[in-house]
Amino acid sequence: MEFRTVVEVDAPGFQIEPFESILFVGSCFADKIGRRFEEERFPVTVNPFGVMYNPASILHTVQRCDAAPRIAFFTLGTNHVYRLKETGEIVDNCQKRPQRLFQEEELTIDQCVDYLSQAAEELHRRCPDVRIVLTVSPIRYAKYGYHGSQLSKATLQLAAHQLTKEKPFVSYFPAYEIVLDELRDYRFYQPDMLHPSDQAVEYIWQRFVEAYFSPRAKQFLQEWKPIKEALGHRPFHPESDTYRQFMEKTRQQEADLLARYQSEQQI
């Protein structure tokens, strides 16, 4: 008997290899997942101009940065944008300026698709082999009211769905659905009851690895795990010769592992 609903993750049509260069742009959920890739020694770029919550701001980041990765993640947080009244431009950060200077708007599904499509095409122009993964952040926005937050997420989901139909190099990973359907218990949230807990983020990471990582990348994670744990060890006497020798040995193991996988990748 199954006591939970398991969200199916569609095969994306490509696999992530060790040390893939990856760009993460989007909400603070993109920060969390991006930092996890960083821990696993992937050369990642994570929100180079700060957290971007809406499709327009994601486009702005792609236009401003010169990254040309094979893999990119767009994590959509909201369809709400703030437009500077004086110029009419959508701003990515209000920079603590008075609220009266801005007009809040909600992007339509078509507007979201248009901004995301422009961002996707820009990366595709730089790297014809690019693969873009869309996710909707599972973080709810209480300031919109919970019904308003759901409407915002629904708009983003419909936009993401339309874009995956239009562009074969774009796929959708159901992080939002996994949190709301598989992990529908407040023990998987932080104390604010809005943000996923570290345990929830770890589970999402595991589901992503299962679906998107190549066998070789999964093997690297297995070999890297004990070394990563050793590097994170906090001793009682960090100044001791024993600990110094332990760390030297561990760092050499890390260097040997990275060199072996990198050399195999170049063959």
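All residue numbers in this chain count up from 1 along the given sequence.
How far CG of L76 is from OG1 of T155: 11.0 Å, rounded to the nearest 0.5 Å. Atom-to-atom distance recorded for E38:CD and D31:CG is 10.0 Å, nearest 0.5 angstrom.
Atom CD of E39 sits in a crowded spot, with more than 12 heavy atoms from other residues, nucleotides or ligands closer than 6.0 Å. Open room surrounds NZ on K249; 12 or fewer heavy atoms of other groups in view lie less than 6.0 Å from it. Residue N93 places its CG atom among more than 12 non-hydrogen atoms of other residues, nucleotides or ligands, all under 6.0 Å distant.
Note that R70 lies outside the cation-pi zone of F14, set by a 6.0 Å cut-off to the ring centre and a 45° limit from the axis.
Between F19 and Y261, the two ring planes are perpendicular [angle over 60°; tilted spans 30° to 60°]. Between F208 and Y212, the ring planes are parallel. Angles under 30° get that label, and only those over 60° would be called perpendicular.
The ring of F37 has its center closer than 6.0 angstrom to the ring center of F24.
Y172 meets the side-chain hydrogen bond (donor to acceptor under 3.5 Å, both in side chains) test with E177; sequence neighbours excluded. Applying the side-chain hydrogen bond (donor to acceptor under 3.5 Å, both in side chains) criterion to H124, with sequence neighbours excluded, gives no partner residue. In terms of the side-chain contact (heavy atoms from CB on, under 4.5 Å) criterion, residue partners of R244 (sequence neighbours excluded) are, by chain and number, D241, E248. For E202, the side-chain hydrogen bond (donor to acceptor under 3.5 Å, both in side chains) test picks out R36, Q206, with sequence neighbours left out. Residues passing the side-chain hydrogen bond (donor to acceptor under 3.5 Å, both in side chains) test with T45, sequence neighbours excluded: none.
Between S171 and D10, the closest side-chain pair of non-hydrogen atoms is not below 4.5 Å.
The stretch residues 76-103 participates, sequence neighbours left out, in these salt bridge (charged side-chain N to carboxylate O under 4.0 Å, His left out) pairs: R83-E105.
Partner of F42 under the ring pair (Phe, Tyr, Trp, His ring centres under 6.0 Å) criterion, chosen from F213, F73, F220: F213. Under the side-chain contact (heavy atoms from CB on, under 4.5 Å) rule, R131 has a single partner from L123, V170, I71, which is I71.
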Q: Check the pair E40 / K228 against salt bridge (charged side-chain N to carboxylate O under 4.0 Å, His left out), numbers first and verdict last.
A: CA-CA 8 Å; E40 308 302 342; K228 181 177 72 170; 2.7 Å; yes
